[in-house]
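Every number for a ligand or one of its atoms is a count from 1 in the order of the listing. The figures that follow rest on heavy atoms only: side chains count, while hydrogens, waters and symmetry mates do not. None of the values given here were measured: they were computed from a predicted structure.
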Amino acid sequence: MNRGKFVTFEGCEGVGKTTQVEMLRQYLSEKGSDFLFLREPGGNAVSEKIRALILSRENGFMSDRCEALLYCASRAQLVDTTIRPALEGGKLVVCDRFTDSTFAYQGVARGLGADYIAALNELTCGDVMPDVTIFLDMSPREAFARKGGADPGDRLESAGMDFHEKVYRGYLRAAEIYPERIKKIDARRSPEQVFASVLDVLKAQGVLS
Ligand code: TMP
């Protein structure tokens, strides 16, 4: 049986991930492909509740390890109930954020370290890792300027520019460590230009024909 392909989108806040994921969904719908689109954290009832728990500022202080483990709990649920069965069924799975977010946000920006996150990702996902990761490359300064600032109700978004600069450095580091999987795309261009690059990468990597 042919395993489906697994594609993830990554990047700092406001770089246009959601727009690109939506453009890809539209493109695949028109082609009649068999695909599944998900977002992390979220994608099912349990994971959406964990998402609300992590992101709400009403929960007060949350330790860095608690935050990392909650992201992984949400991911374990998504992998077990949705991603693995879909890949086994031959579907193309596209996920808005995945393990590289945990590397960049919790591993680098929160400072838990690459080894801690690698061990967590291994425990959480096993062999379910992306075939291709599109990293939409834009600095947080440019991205927040374009977006018109951070959402004050979102605990992660409103963590400050120093935090988001570290997240960005985390992504650049991940792209250096995994050059075969993580493909950097310049996200400062128009959505149409960025999407043309997304399609080029997915074709070059054998995800789309
Ligand atoms: P989103 O707003 O892009 O959907 O992502 C939710 C927030 O969660 C965003 O600030 C990035 C953050 N995040 C982490 O810190 N670690 C993770 O593992 C994931 C998946 C997201």
Side-chain angles (χ1 to χ4, degrees), residues 6-22 24-25 37-44 46-59 61-80 82-83 93-114 116-125 128-130 133-141 143-144 146-171 173-174 178 182 187:
F6 183 21
V7 174
T8 57
F9 281 77
E10 295 281 0
C12 295
E13 324 279 334
V15 298
K17 261 181 319 92
T18 310
T19 304
Q20 292 302 315
V21 168
E22 193 46 46
L24 183 58
R25 187 206 298 268
F37 275 73
L38 301 163
R39 72 163 179 177
E40 271 235 305
N44 60 69
V46 170
S47 302
E48 290 292 342
K49 285 191 183 125
I50 299 175
R51 178 187 176 94
L53 182 66
I54 303 173
L55 297 182
S56 170
R57 297 192 75 162
E58 286 170 10
N59 295 324
F61 174 74
M62 183 181 288
S63 86
D64 296 344
R65 285 194 306 143
C66 174
E67 182 181 283
L69 289 164
L70 283 173
Y71 279 114
C72 288
S74 163
R75 182 165 308 135
Q77 174 76 1
L78 192 64
V79 165
D80 293 346
T82 314
I83 300 178
V93 177
V94 179
C95 197
D96 184 343
R97 296 194 183 280
F98 201 62
T99 46
D100 300 303
S101 286
T102 320
F103 180 89
Y105 282 77
Q106 282 68 48
V108 177
R110 297 287 195 217
L112 290 176
Y116 185 84
I117 300 303
L120 274 187
N121 284 341
E122 167 69 29
L123 282 172
T124 307
C125 305
V128 176
M129 281 301 284
T133 297
I134 307 274
F135 167 43
L136 297 176
D137 184 4
M138 191 193 301
S139 75
R141 252 171 232 290
F144 278 122
R146 202 172 68 164
K147 184 178 188 293
D151 172 359
D154 183 312
R155 208 173 53 83
L156 271 286
E157 249 193 69
S158 56
M161 196 48 79
D162 279 359
F163 176 79
H164 290 288
E165 293 285 358
K166 285 185 199 159
V167 170
Y168 184 52
R169 285 200 291 279
Y171 274 125
R173 180 84 193 102
Y178 306 106
I182 302 183

Review point. Is there a donor-acceptor pair under 3.5 Å between the side chain of E10 and the backbone N or O of F98?
Key: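 Yes, E10 side chain to F98 backbone: donor-acceptor pair under 3.5 Å.
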Those atoms of ligand 1 less than 4.0 Å from some heavy atom in [X]:
X: L156; value: 10 (O), 15 (O)
X: T102; value: 17 (C), 18 (O)
X: K17; value: 3 (O)
X: Y105; value: 10 (O), 11 (C), 14 (C), 15 (O)

**Study point:** Partners meeting side chain to side chain donor-acceptor pair (under 3.5 Å) with R169 (sequence neighbours left out)
**Key:** none
Review point. Between I50 and L70, which heavy-atom pair has the shortest distance, and what is it?
Key: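 What the structure gives for the nearest pair is CG2-O, 3.4 Å.
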Practice item. Only one of K166, H164, R97, R110 passes side chain to side chain donor-acceptor pair (under 3.5 Å) with Y105; say which it is. Key: R97
Nearest protein heavy atom to [atom], by residue and atom, and its distance?
atom: atom 5 (O) of ligand 1; result: R97 NE, 3.1 Å
atom: atom 14 (C) of ligand 1; result: Y71 CZ, 3.1 Å
atom: atom 9 (C) of ligand 1; result: E13 OE2, 3.4 Å

Practice item. From the options R75, R39, E67, select the one whose nearest heavy atom is closest to atom 20 (C) of ligand 1. Key: R75
Review point. Which is closest to atom 16 (N) of ligand 1 in terms of heavy atoms, Q106, E157, R110, R51?
Key: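 Of the listed residues, Q106 has the closest heavy atom.
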Check your understanding: Above 12 or not: heavy atoms from other molecules or residues under 6.0 Å from OH of Y178?
Key ->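 No.
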Check your understanding: Is a salt bridge present between R39 and E48, judged by a nitrogen-to-oxygen distance below 4.0 Å?
Key -> yes
Review point. Have Q106 and Y71 got a donor and an acceptor in their side chains that come within less than 3.5 Å?
Key: no
